[in-house]
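Keep in mind it's a predicted model, so treat the numbers as computed, not measured.
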2 protein chains.
Amino acid sequence: MPEHALPYRPHNHQACVTQALADARSICRQANARLTPIRERVLELIWQSHKPLGAYDILAKLGSDGHSSAPPTVYRALDFLLQYGLIHRIASLNAFVGCAHAGERHRGTFLICRTCGTVLELTMPDLMQAIETAARTEAFQPDDVTLEVAGLCPQCQGDHHHD
Amino acid sequence: MPEHALPYRPHNHQACVTQALADARSICRQANARLTPIRERVLELIWQSHKPLGAYDILAKLGSDGHSSAPPTVYRALDFLLQYGLIHRIASLNAFVGCAHAGERHRGTFLICRTCGTVLELTMPDLMQAIETAARTEAFQPDDVTLEVAGLCPQCQGDHHHD
DNA sequence: CAAAGTTTGAAACATTATAACATTTGCGGA
DNA sequence: TCCGCAAATGTTATAATGTTTCAAACTTTG
Ligand SMILES: [Zn+2]
Ligand SMILES: [Zn+2]
Ligand SMILES: [Zn+2]
Ligand SMILES: [Zn+2]
């Protein structure tokens, strides 16, 4: 199995979180953008696992922090994190997941396990290029691509006792 | 411009609708599925244009038919039409559009104009194959692909006076 | 016709997202 | 330092999208 299929296997996930937060701080510093406590906390919550989190899940977790809030607080933090490429929105799930390639200019492809919910983000520049080329062939000017693949992750294949 | 980029240009759209309904009847007959009046009416409403329609838009149009209904009526009809491949759900818009290739086994790629809302459905078997192969390379078993490209359609490029 | 299965009706509810406006906070210039 | 602005957050309400549940009507089949 390729090395970057990490999320499916037991791994030191705290390292993912730490890395993501460090990257985020660095990216925001360079962009002169303010990674405020709320924004950082939302990012950290999203990174609690490799399963996308809904806005209201985040809201609930903020609540159990004691740090109670309303939906706009969360959506504003999410907008910020999206804007700086620190998270991705998974359109087919209405949920958000940490970007595994923050700082690299890229378009993500997401492999979404129907059983366990885990998402693996791939970058496939050649494929994305081919998609954009196909769009231009129709005289269409592409500016955003949503590419999400639903199915079964390696761990969940053959498991007939779903969790 | 390729011939199948029809939706962008003026065309005899009634022919699209008529064809879609005829195809639907034929497909349902063969599958021994019941294309009831409600289901057919919802399909017809979706085909009123090449712009995806939200479930509640459909509900409102059913209402102005006099034929008043509640959300489950619409969602049930949509589920049926999805099941038989007569429509597609556009995940990035939470909306539904008629399938331009009903009856052909395919996965659609959707070019969505941000300005006018028109959607063109392409089939790109080689690209889809490449995507699935990439997924399998990660030991992932794909069973559904969402591929949606947002941007500007040919008609809307250079238009700075949006409708 | 009677039984069983499918489709529709209807009411309530759940989830996801935004609008509008008030308040606070951070930051640069007088 | 302190004023003034812009950005960020708080607060309330509301909009938009989707589901659950149970009852009634209709279809199919024996
Ligand atoms: Zn991890
Ligand atoms: Zn990413
Ligand atoms: Zn048409
Ligand atoms: Zn199609």
Side-chain angles (χ1 to χ4, degrees), chain A residues 24-25 28-29 31-46 51-63 65-84 86-97 112 117 146 148 150, chain B residues 24-25 28-29 31-46 51-63 65-84 86-97 112 117 146 148 150:
Chain A
R25 282 186 278 259
C28 288
R29 193 173 332 108
N32 208 28
R34 293 170 54 200
L35 188 63
T36 62
I38 291 181
R39 292 165 175 173
E40 184 168 335
R41 179 65 179 137
V42 169
L43 182 59
E44 188 181 15
L45 287 170
I46 287 175
K51 309 180 190 197
L53 222 49
Y56 281 75
D57 297 332
I58 295 167
L59 189 57
K61 285 179 193 277
L62 280 179
D65 274 14
H67 188 184
S68 177
S69 296
T73 302
V74 171
Y75 281 102
R76 288 191 283 229
L78 291 171
D79 285 346
F80 174 89
L81 297 171
L82 286 168
Q83 183 182 341
Y84 288 96
L86 303 174
I87 62 173
H88 293 284
R89 180 171 199 278
I90 307 297
S92 57
L93 300 177
N94 297 326
F96 303 84
V97 72
I112 304 165
T146 297
E148 300 172 10
Chain B
R25 281 186 279 258
C28 288
R29 192 172 332 110
N32 206 30
R34 294 169 52 200
L35 188 61
T36 62
I38 290 181
R39 291 166 176 174
E40 184 167 335
R41 179 64 179 137
V42 169
L43 181 59
E44 187 182 15
L45 288 170
I46 287 174
K51 308 180 191 196
L53 221 50
Y56 280 75
D57 297 332
I58 295 167
L59 189 58
K61 284 178 193 277
L62 280 180
D65 275 11
H67 187 184
S68 177
S69 297
T73 302
V74 171
Y75 282 102
R76 287 190 285 228
L78 291 170
D79 286 345
F80 174 89
L81 297 171
L82 285 168
Q83 183 182 342
Y84 288 97
L86 304 173
I87 61 173
H88 293 286
R89 180 171 201 278
I90 307 296
S92 58
L93 299 176
N94 297 326
F96 301 84
V97 72
I112 304 165
T146 298
E148 301 171 9

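Scored by the side-chain hydrogen bond (donor to acceptor under 3.5 Å, both in side chains) test, B:Asp57 finds no partners at all (sequence neighbours excluded). A:Glu40 meets the side chain to side chain contact (heavy atoms under 4.5 Å, CB included) test with A:Leu21, A:Arg25, A:Leu35; sequence neighbours excluded. A:Asp79 is linked by a side-chain hydrogen bond (donor to acceptor under 3.5 Å, both in side chains) to nothing, counting only residues two or more places apart in sequence or in another chain. Residues forming a side chain to side chain contact (heavy atoms under 4.5 Å, CB included) with B:Gln83 (at least two apart in sequence, or on another chain): none. In terms of the side-chain hydrogen bond (donor to acceptor under 3.5 Å, both in side chains) criterion, residue partners of A:Ser92 (sequence neighbours excluded) are, by chain and number, A:Glu148. Shown here are the side chain to side chain contact (heavy atoms under 4.5 Å, CB included) partners of A:Thr73, two or more places apart in sequence or in another chain: A:Ile38, A:Ser69. In terms of the side-chain hydrogen bond (donor to acceptor under 3.5 Å, both in side chains) criterion, B:Arg39 has no residue partners (sequence neighbours excluded). Here B:Tyr75 pairs with nothing under the ring pair (Phe, Tyr, Trp, His ring centres under 6.0 Å) rule; sequence neighbours left out.
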Listed pairs, N/O of protein and of nucleotides 12-20 of chain D, under 3.5 Å:
unit_1, atom_1, unit_2, atom_2, d
D:dG18, OP1, B:Arg89, NH2, 2.0
D:dG18, OP2, B:Tyr75, OH, 3.0
D:dG18, O5', B:Tyr75, OH, 3.3
D:dG18, N7, B:Tyr56, OH, 2.4
D:dG18, O6, B:Tyr56, OH, 3.2

Tabulate protein N/O versus nucleotide N/O from nucleotides 4-8 of chain D, keeping only pairs under 3.5 Å, one per line.
unit_1, atom_1, unit_2, atom_2, d
D:dA8, OP1, A:Arg39, NH1, 3.3
D:dA8, O5', A:Arg39, NH2, 3.4

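Chain A approaches DNA chain C over the interval C:dT16 to C:dG26, counting the first and last nucleotide 5' to 3' with an atom under 4.0 Å from its heavy atoms.
One can place CG of A:Leu62 at 11 Å from P of D:dT9, the figure rounded to the nearest angstrom.
When all heavy atoms of A:Leu78 and A:Ala55 are compared, the closest pair comes out as CD1-CB, 4.0 Å.
For the pair A:Pro52/A:Ile112, no side-chain contact is recorded, criterion being any heavy-atom separation below 4.5 Å from C-beta on.
Side-chain nitrogen and oxygen atoms of A:Thr73 include at least one within less than 4.0 Å of the OP1 or OP2 phosphate oxygen of D:dG10.
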